[in-house]
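To start, the structure itself, in structure tokens.
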Number of protein chains: 2
Amino acid sequence: MSERIKIVEVGPRDGLQNEQAVTTAAKIQLVNDLALAGVDYIETGSFVSPKWVPQMADSGDVFAGISRQSGVTYAALTPNLKGFEAAMAARADEVAIFGAASEGFSQKNINCSIAESLERFTPVLAAAADNGLKVRGYVSCVLGCPYDGDIAPDQVAWVAEKLYQMGCYEVSLGDTIGVGTPLKAQRMLEAVAAKVPMEKLALHFHNTYGQALANIASCLPLGVRTIDSAVAGLGGCPYAKGASGNVASEDVVYMLHGMGYDTGIDLAQLITAGKRICSNLGQQPRSNVALAEIAKHSN
Amino acid sequence: MSERIKIVEVGPRDGLQNEQAVTTAAKIQLVNDLALAGVDYIETGSFVSPKWVPQMADSGDVFAGISRQSGVTYAALTPNLKGFEAAMAARADEVAIFGAASEGFSQKNINCSIAESLERFTPVLAAAADNGLKVRGYVSCVLGCPYDGDIAPDQVAWVAEKLYQMGCYEVSLGDTIGVGTPLKAQRMLEAVAAKVPMEKLALHFHNTYGQALANIASCLPLGVRTIDSAVAGLGGCPYAKGASGNVASEDVVYMLHGMGYDTGIDLAQLITAGKRICSNLGQQPRSNVALAEIAKHSN
């Protein structure tokens, strides 16, 4: 039996919120395609103000339209109580909240300090507990911030520990702008794992500077076993338009299978899921594995 | 003092031989741009039959046209004695020969066994020794072959040892089709390093499946300190047209600098060199670092 790595597929949410709009039907198809490929955790949508994230305005319809598979978790991002209630109404299986490791990022993006942002999550966590829903916590800018530059590993550890203490069952460590490199990623993860058990941590790395797989590969020996990724590398980088965003699920799965890990995912079906949403977006997949396989079979 | 990693820039040769043709002037500009960026080893051209590699037919003119910088090695690929003599006439500083770790690849590409191919290099190595030129050896298909599939690490070690014993001062281990993953890369390197001293080995990884940086990052702790790469990720994959080829020098240098290694290369100038040749090719760089930096500065 090979060791299992949990893949958290964020393409329908973190991916599509940074792409041009696609139809609700295309989103539903994507979520269903991912589940059929064996992906058992799909961040399906986000309940935030459509003023801020118009691409996610139809998340309720997406949740209503999908064909739910048993054993698959369909999660939603819910920054506040209003969002949480909408996620409950949509029958999301889990919710997620989003903190920053960088004061500059927190101030510029949500106009409050990190500490204040964490306080705002208290009612969401309380409501989730009341309703028996698990809450996943994101920490952004763990390897660098577009405003503050380098972020100290201890600062990341402090925010991650807070989210964990507040009740998040898992904390996902996001290199939001994709600037990290392997040693920095290892040092950050080690600092966080000194405060939060490794099995409660996930890596959420963006590929803006092409480093995501190298960073993941370098962190696996430390014991992390949950990886966030987006099929077809969906999602750009809002701080460098035209650059890559999330690490592509196909590339992560290819690497993990090559290293002998089990993900439960059928890579060929995952590639098919990515091709279909990219066809709906009118763009090529940003997955090297997908491009190589498409090229190989078209020669 | 941070530790030095030697970057062997293969863009003008391994890169451009797999791209559409560019002018001789554009090639000369690329080599000069690379030297100005601090690259001190540039595989500048190839002396092979223009019937087989028409893109390299003007290598003599490229060598004649470049502005040689002191401290920079301008190398040439020379598969046979005729090529070696042309490289001598062009005043190449070093030459390289090219073997395969895969019998299937050797048979399909040069119509002879690996052992026969090695014999053919004997006169080149003798002539190089007579003329005081160093010879670099390449081994292709070290992590997989388009015909034979998986390649045993011991088979790679056998070919690498042969090249080293025949007089190659360095052996470059090529994942020609870019299919390798981190553990396989480590096992292959360990097997080779049991036969050839680690300081005589280089990694030459292609990014076809997006794994090149992860593989390099995973092999650095084993002690390898020479990396082949191509600016802008020049060079496609002849076995999957449209897929990525060589790992991009910009991405390698960014990672290495982030890990505290010294390369002697100015990343901004390297990006500029890649942008210029890509402009001449009419394509975007296949370097995530280059794309991210271009996007950041155009926002």
Side-chain angles (χ1 to χ4, degrees), chain A residues 143-144 146 177-187 206-221 233 236-245 247-248 250-252 254-261 267 284 286-299, chain B residues 143-144 146 177-187 206-221 233 236-245 247-248 250-252 254-261 267 284 286-299:
Chain A
L143 294 173
I177 55 173
V179 293
T181 43
L183 283 186
K184 286 183 185 172
Q186 289 176 328
R187 285 180 193 146
H206 284 217
N207 202 37
T208 322
Y209 283 77
Q211 310 292 310
L213 276 193
N215 295 342
I216 294 168
S218 299
C219 286
L220 287 170
C237 176
Y239 306 96
K241 291 195 193 310
S244 295
V247 66
E250 298 93 320
D251 297 5
V252 172
Y254 179 92
M255 181 178 82
L256 293 173
H257 291 183
M259 296 174 78
Y261 292 107
L267 180 56
Q284 283 283 301
R286 281 190 290 265
S287 153
N288 284 94
V289 167
L291 292 173
E293 286 293 310
I294 292 168
K296 201 165 81 174
H297 294 113
S298 68
N299 283 345
Chain B
L143 295 173
I177 55 172
V179 293
T181 43
L183 283 186
K184 286 183 186 173
Q186 289 177 329
R187 285 179 193 148
H206 284 217
N207 202 38
T208 322
Y209 284 76
Q211 310 292 311
L213 277 193
N215 294 342
I216 294 168
S218 299
C219 286
L220 287 170
C237 177
Y239 307 96
K241 289 194 194 311
S244 294
V247 65
E250 299 93 318
D251 297 5
V252 172
Y254 179 92
M255 181 178 82
L256 294 173
H257 290 183
M259 296 175 79
Y261 292 108
L267 180 56
Q284 285 282 302
R286 282 191 289 263
S287 152
N288 285 94
V289 168
L291 292 172
E293 286 294 309
I294 292 167
K296 200 165 83 175
H297 294 112
S298 68
N299 284 347

* Asked: Who pairs with B/Ala185 by side-chain contact (heavy atoms from CB on, under 4.5 Å), at least two apart in sequence or on another chain?
  -> B/Leu143, B/Phe205, B/Asn215, B/Cys219

* Spatial distance of atom CD (B/Gln211) from atom OG1 (B/Thr181) [nearest 0.5 Å] -> 6.5 Å

* **Distance (rounded to the nearest 0.5 Å) between A/Arg187 CZ and A/Lys184 NZ** => 9.0 Å

* Structure fact -> Applying a strict 4.5 Å limit to non-hydrogen atoms, the region of B/Thr208 in contact with chain A is both

* Pick from B/Ala248, B/Ala292, B/Ala290: which one has the most heavy-atom pairs with chain A under 4.5 Å? -> B/Ala292

* Asked: Between A/His206 and A/Ile177, is a side-chain contact (heavy atoms from CB on, under 4.5 Å) present by the stated rule, with each step listed?
  -> CA-CA 6 Å; A/His206 284 217; A/Ile177 55 173; over 6 Å; no

* **chain B contacts, top residue of A/Pro221, A/Ala212, A/Ala217, A/Pro182 (heavy-atom pairs, under 4.5 Å)** => A/Pro182

* Structure fact -> From the list A/Gly180, A/Gly260, A/Gly210, the residue making the most non-hydrogen contacts under 4.5 Å with chain B is A/Gly210

